[in-house]
2 protein chains.
Amino acid sequence: MVTALRDVFRAKGWDGASLSDLSRATGLSRAALYHHFPNGKADMAAAALDDVERRLGAELFAPLAGEGAPEARFARWLDGIAAYYRNGDLGCLLGALSLGQDEHKLRPRVEDGFTRWIEALARLADERGAAPADARASAVAVVALIQGALTLARATSSSAPFETALRAAPHILFGNRSA
Amino acid sequence: MVTALRDVFRAKGWDGASLSDLSRATGLSRAALYHHFPNGKADMAAAALDDVERRLGAELFAPLAGEGAPEARFARWLDGIAAYYRNGDLGCLLGALSLGQDEHKLRPRVEDGFTRWIEALARLADERGAAPADARASAVAVVALIQGALTLARATSSSAPFETALRAAPHILFGNRSA
DNA sequence: GTCTATAATAGGATAGAC
DNA sequence: GTCTATCCTATTATAGAC
């Protein structure tokens with residue numbers, strides 16, 4: 001059920017995801033949703049964030065910090081990313097929730113999610129011997145690249161930008177970029 | 001007036017931008033807005049797209065195709081981009097409108113806008129001698145990078161990701177990346 | 001051209017039956 | 001736990017005065 005909610009937020013964002021949408025996706029009435037999530041949409045989005053964090057943490061970010069060459073781990077991670085986003089057909093929950101509701105409670109969680117992505121990738125670049133500042137800059141660039149590629153994929157109804165971005169990612173994370 | 005509308009869409013996206021928001025930003029009543037834009041929000045967003053296309057076309061993309069070394073033109077373009085997005089404080093209209101309203105009339109225009117960005121940058125990489133496919137891939141990566149950096153900047157309330165992305169952009173567009 | 005007033009609808013949320 | 005029914009508010013849109 002949470003995955004159904006999650007997918008609505010991924011596809012429509014905070015403002016676009018109405019209770020009717022969420023009700024339809026889950027097969028539950030609006031009132032029934034309030035039984036599971038007393039605070040309404042905010043609780044549903046929080047549950048979706050929980051689900052994504054738990055799932056991606058276990059399947060993608062744990063192996064990323066495992067053993068083997070950094071390049072090989074990153075390549076596996078990219079494969080996982082491609083699968084999770086279905087080659088660009090699905091959006092990113094963090095990105096979708098970053099627009100809208102100005103003052104809401106989810107903001108820190110979204111920010112935190114992005115920070116974790118960046119730190120995990122920065123560690124990888126760091127292992128390869130990059131200077132800390134360069135490692136972080138490369139990691140930021142890779143996360144931005146993937147986020148933007150999902151935006152382009154959605155806007156153009158094509159998976160091509162996403163695939164292009166994933167191919168470029170290793171060069172950006174590990175490539176020799178001075179300053 | 002159109003720039004006020006534009007900025008609301010940039011900040012809140014299609015779903016988040018209500019007529020009340022647009023009315024407040026312009027200082028006009030909702031009814032007065034309908035006088036200028038008979039079809040409501042859709043017309044306002046279209047006018048915002050017109051404004052952005054005209055403005056960026058003249059100030060950024062025309063000089064990009066001008067004379068001088070590609071690297072220098074690209075550097076000036078990046079300066080213009082930084083100014084237009086106020087170092088990441090403002091969002092991208094295309095990106096903001098890419099989420100929401102499933103079937104609406106603006107979709108082709110958003111797609112077209114992104115396509116023009118990509119083609120302009122691809123020409124630049126092409127001038128530098130990149131193979132056509134590589135030039136296009138690099139251009140896609142740069143547009144995605146900038147888009148994603150704006151998402152990160154908004155999510156983290158920091159201009160740092162945006163500035164990092166702009167520094168990385170020349171290496172991605174012109175750097176030696178083999179396939 | 002802009003306003004006030006108003007309609008019609010959708011969204012968010014709650015009450016209470018089962 | 002899930003439903004129907006309901007409420008309140010916000011949103012989109014229109015009518016008509018000035």
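So you know, we letter chains A, B, ... as the sequences are listed, proteins then strands, and number each from 1.
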Task: Residue whose nearest DNA chain C nucleotide is more 5′ - A:D21 or B:L28 - done: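 By nearest-heavy-atom nucleotide position, the 5'-most residue is B:L28.
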
- [ ] For A:P38 and for A:S20, find the nucleotide of DNA chain C with the closest heavy atom, then tell me which residue's nucleotide is more 5'.
- [x]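 The residue mapped nearer the 5' terminus is A:S20.
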
Between [atom2] on [N] and [atom1] on [X], what's the gap in Å once rounded to a whole number?
X: B:F37; N: C:dT2; atom1: CZ; atom2: C1'; result: 14 Å
X: B:K41; N: C:dA10; atom1: NZ; atom2: P; result: 14 Å
X: B:R24; N: C:dT2; atom1: CZ; atom2: P; result: 18 Å
X: B:D15; N: C:dG12; atom1: CG; atom2: C1'; result: 16 Å
X: A:R30; N: C:dG11; atom1: CZ; atom2: P; result: 8 Å
X: B:M44; N: D:dT12; atom1: CE; atom2: P; result: 9 Å
X: A:Y34; N: C:dG16; atom1: OH; atom2: C1'; result: 17 Å
X: A:K12; N: C:dA10; atom1: NZ; atom2: C1'; result: 13 Å

Ignoring hydrogens and angles, state whether a donor on the side chain of [X] or [Y] is under 3.5 Å from an acceptor on the partner side chain.
X: B:S157; Y: A:R107; result: yes
X: A:D21; Y: A:S18; result: yes
X: A:R30; Y: A:S23; result: no

Open item on the list: Around atom CZ of A:R10, are there more than 12 heavy atoms from other residues, nucleotides or ligands closer than 6.0 Å?
Closed with: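 Counting other residues, nucleotides and ligands, CZ of A:R10 exceeds 12 neighbours.
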
- [ ] Before accepting this row, confirm whether a basic side-chain N of the pair A:D50/A:R109 lies closer than 4.0 Å to the acidic partner's carboxylate O.
- [x] yes

Considering only [options], which nucleotide approaches the side chain of [X] most closely?
X: A:L19; options: D:dT12, C:dC3, C:dG12; answer: C:dG12
X: B:H35; options: C:dT2, D:dT2, C:dG12; answer: C:dT2
X: A:S29; options: C:dC3, D:dA13, D:dT4; answer: D:dT4
X: B:A31; options: D:dT2, D:dT14, D:dT4; answer: D:dT14

Open item on the list: Less than 4.0 angstrom between a side-chain N/O of B:H36 and OP1 or OP2 of C:dT2, yes or no?
Closed with: yes

TODO: Return no unless some side-chain N or O of B:S18 is found under 4.0 Å from OP1 or OP2 of D:dA10.
DONE: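 So the side-chain polar atoms of B:S18 never come under 4.0 Å of the phosphate oxygens OP1 or OP2 of D:dA10.
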
